[in-house]
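Everything on this sheet refers to the single structure shown next.
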Amino acid sequence: MKFNEQELDETIQPIKQTDLIYGIEDRPPFKDALFAAVQHLLAIFVAIITPPLIIASALKLDLETTGFLVSMALFASGISTFIQCRRFGPIGAGLLCIQGTSFSFIGPIITAGLMGGLPLIFGSCMAAAPVEMIISRTFKYMRNIITPLVSGIVVLLIGLSLIKVGIVSCGGGYGAMDDGTFGSIKHIGVAAAVLLSVLFFNRCKNKYLRMSSIVLGLCVGYALSFALGMVDMSAASSQSFTNLNIPVPFKYGVEFHASSIIAIGLVYLITAIEATGDVTANSLISGKSIEGDGYLKRVSGGVMADGFNSLLAGIFNSFPNSIFAQNNGIIQLTGVASRYVGYYIAAMLVLLGLFPVVGIVFSLMPDAVLGGATLLMFGTVAAAGIRIIAAQEINRKATLVLAVSLSLGLGVELMPDILKAAPDAIKGIFASGITTGGLAAILSNMLIRVKDDKVEE
């Protein structure tokens, strides 16, 4: 294989600045690869299954459907991870990039689900996925529109919107609202126990306890809620634990509605920016250059795969996928950047998705248990948005963009009845604070041309 001078600089020079044990193209021994893969799995497992659990709870789906959605989320994440790591033509980053169900879409998906159920959700997610694929080819032209300030505002709105979802779960979820037990001491106590457990394990000196802090916190909450009689095992008695969950394309059918497609398409626009940042960070950690044609090829392939995998996920009855940033920390921790480790992770996720027991066990988990863990996760998302915004120069223009975006975005979240008299098409687009605030951020950033006043001496 021949290399030109630029490619040699890209492949050799950055590696000297890292402490990698295994580089991107290295093939670790089975034991080392499996050990690294399990650590990645611990970091992402809860994040993958949480969105389908939240969406199913909001739509009041039955246990069988909820369990199947959880299984398909794991299955779709496995296929998506393999595509990202393996790279097929222009699709995939060719790095150890792990994909999983995205939190960013939860708000618009719930809005679409309340309008038309699962068929409208999957139809809208698939119809809007090409937005991200197109951006992967035109990203350099979009950078003036989707600036870091806009991205930061949207990430902040995503976190703040999801905190409301987390609080609802802490109180017992929508089921508790129906039976009058919402906010009871039992629900709040279990959620608090989970939250404190996650914080405790996260502060431990043992790196394995830190990495699995959320999983351990959920186990503590699950055990406590079981002891308190909050787990309804009778609901699982009619479910089969022996049959495999065979992926069936378009199992629930598909429907399309322009307003839902626009709302979800806007989130794809933002996840393209997030994916770019994740691939950049992964390249840096993995000893690759973050400049030149090789870098642009990795970024373009990663964003393209983000959109393509989300389309694929919709076909297999799952929700949009995105690259998980937390795995970059695992690469740093283990010193293993080999993309072949991604094959092990993908295989594990696919296998977990095929066995219904996994989906059913987590579907039986009380909302309060999930709420205690997700509240911290969603707060972290909001904090990440604040960090992105704080890294920008907050001049008069930026202040106006922030004011308009947060006012409209949070306004819709806090007072959804403001759209009560609006046509269904308008309501479908702007019912989510993420969509409203994100659209306001993009438009106001383009239209506001306020220059800083200079004080003349």
Side-chain angles (χ1 to χ4, degrees), residues 49-73 75-77 80 101-134 158 161-162 164-165 168 173-174 247-271 306-322 359 363 412-413 416-417 419-439:
I49 66 171
T50 297
L53 288 174
I54 291 173
I55 293 165
S57 175
L59 302 183
K60 300 179 182 178
L61 301 178
D62 57 49
L63 179 65
E64 182 181 357
T65 304
T66 303
F68 187 77
L69 291 178
V70 170
S71 293
M72 289 304 99
F75 176 81
S77 295
S80 300
T101 323
S102 174
F103 284 99
S104 304
F105 293 84
I106 291 177
I109 280 177
I110 290 176
T111 302
L114 294 173
M115 287 175 56
L118 291 176
L120 182 58
I121 290 175
F122 297 133
S124 300
C125 290
M126 286 188 289
V131 169
E132 191 166 5
M133 290 187 268
I134 293 170
I158 289 170
S161 299
L162 290 176
K164 176 184 174 182
V165 176
V168 170
Y174 295 97
V248 180
F250 309 112
K251 179 177 181 178
Y252 300 102
V254 290
E255 291 181 12
F256 303 97
H257 196 286
S259 61
S260 298
I261 295 172
I262 293 171
I264 291 173
L266 179 63
V267 185
Y268 275 118
L269 199 65
I270 304 305
T271 53
D306 227 41
F308 177 80
N309 290 334
S310 294
L311 174 62
L312 205 60
I315 293 173
F316 288 105
N317 314 288
S318 189
F319 308 110
N321 272 234
S322 63
S363 300
V412 170
E413 284 290 334
D417 285 347
L419 299 171
K420 191 174 182 179
D424 289 341
I426 299 297
K427 198 182 297 182
I429 297 173
F430 296 103
S432 167
I434 301 168
T435 308
T436 303
L439 196 57

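Values in this document were obtained by computation on a predicted structure and should not be read as measured data. Side chains are part of it too, since the values below use all heavy atoms of this structure and drop only hydrogens, waters and symmetry mates.
Qualifying side-chain hydrogen bond (donor to acceptor under 3.5 Å, both in side chains) partners for Ser71, counting only residues two or more places apart in sequence or in other chains: Asn245. Take Ile261 and apply the side chain to side chain contact (heavy atoms under 4.5 Å, CB included) test, not counting sequence neighbours, and it matches Ser124, Ala127, Ala128, Phe256. Remark: Tyr268 engages Phe105 in a ring pair (Phe, Tyr, Trp, His ring centres under 6.0 Å) (not counting sequence neighbours). Not counting sequence neighbours, the partners of Phe75 by the ring pair (Phe, Tyr, Trp, His ring centres under 6.0 Å) test are Phe316. Residues passing the side chain to side chain contact (heavy atoms under 4.5 Å, CB included) test with Thr66 are Leu53, Ala56, Leu61, Ser363, sequence neighbours excluded. For Asn309, the side-chain hydrogen bond (donor to acceptor under 3.5 Å, both in side chains) partners two or more places apart in sequence, or in a different chain, are Gln99. With sequence neighbours excluded, the residues forming a ring pair (Phe, Tyr, Trp, His ring centres under 6.0 Å) with Phe319 are Phe122, listed by chain and number. A search for side-chain hydrogen bond (donor to acceptor under 3.5 Å, both in side chains) contacts involving Ser259 returns His257, not counting sequence neighbours. Looking at residues two or more places apart in sequence or on another chain, you find no ring pair (Phe, Tyr, Trp, His ring centres under 6.0 Å) involving Tyr252. Partners of Lys60 according to the salt bridge (charged side-chain N to carboxylate O under 4.0 Å, His left out) rule, which considers only residues two or more places apart in sequence or in another chain, are Asp178. Listed by chain and residue number, Leu266, Phe430, Leu443 satisfy the side chain to side chain contact (heavy atoms under 4.5 Å, CB included) test with Leu439 (two or more places apart in sequence, or in another chain).
Taking the side chain as every heavy atom from C-beta outward, Asn321 and Ser102 never approach each other to under 4.5 Å. Looking at heavy atoms from C-beta onward, Val165 lies out of side-chain contact with Ser57 at the 4.5 angstrom threshold. Side-chain contact between Pro52 and Thr101 is present, with heavy atoms from C-beta onward closer than 4.5 Å.
For the side-chain contact (heavy atoms from CB on, under 4.5 Å) with Glu132, the lone residue among Leu311, Thr271, Leu269 that qualifies is Thr271.
Residues Gly433 and Val412 come closest through the heavy atom pair N-CG1, 4.3 Å. Scanning both residues, Pro320 and Ile109, for their nearest heavy atoms gives CD-CD1, 3.8 Å.
Within the 3.5 Å criterion, the main-chain N or O of Thr65 finds a donor-acceptor partner in the side chain of Asp62.
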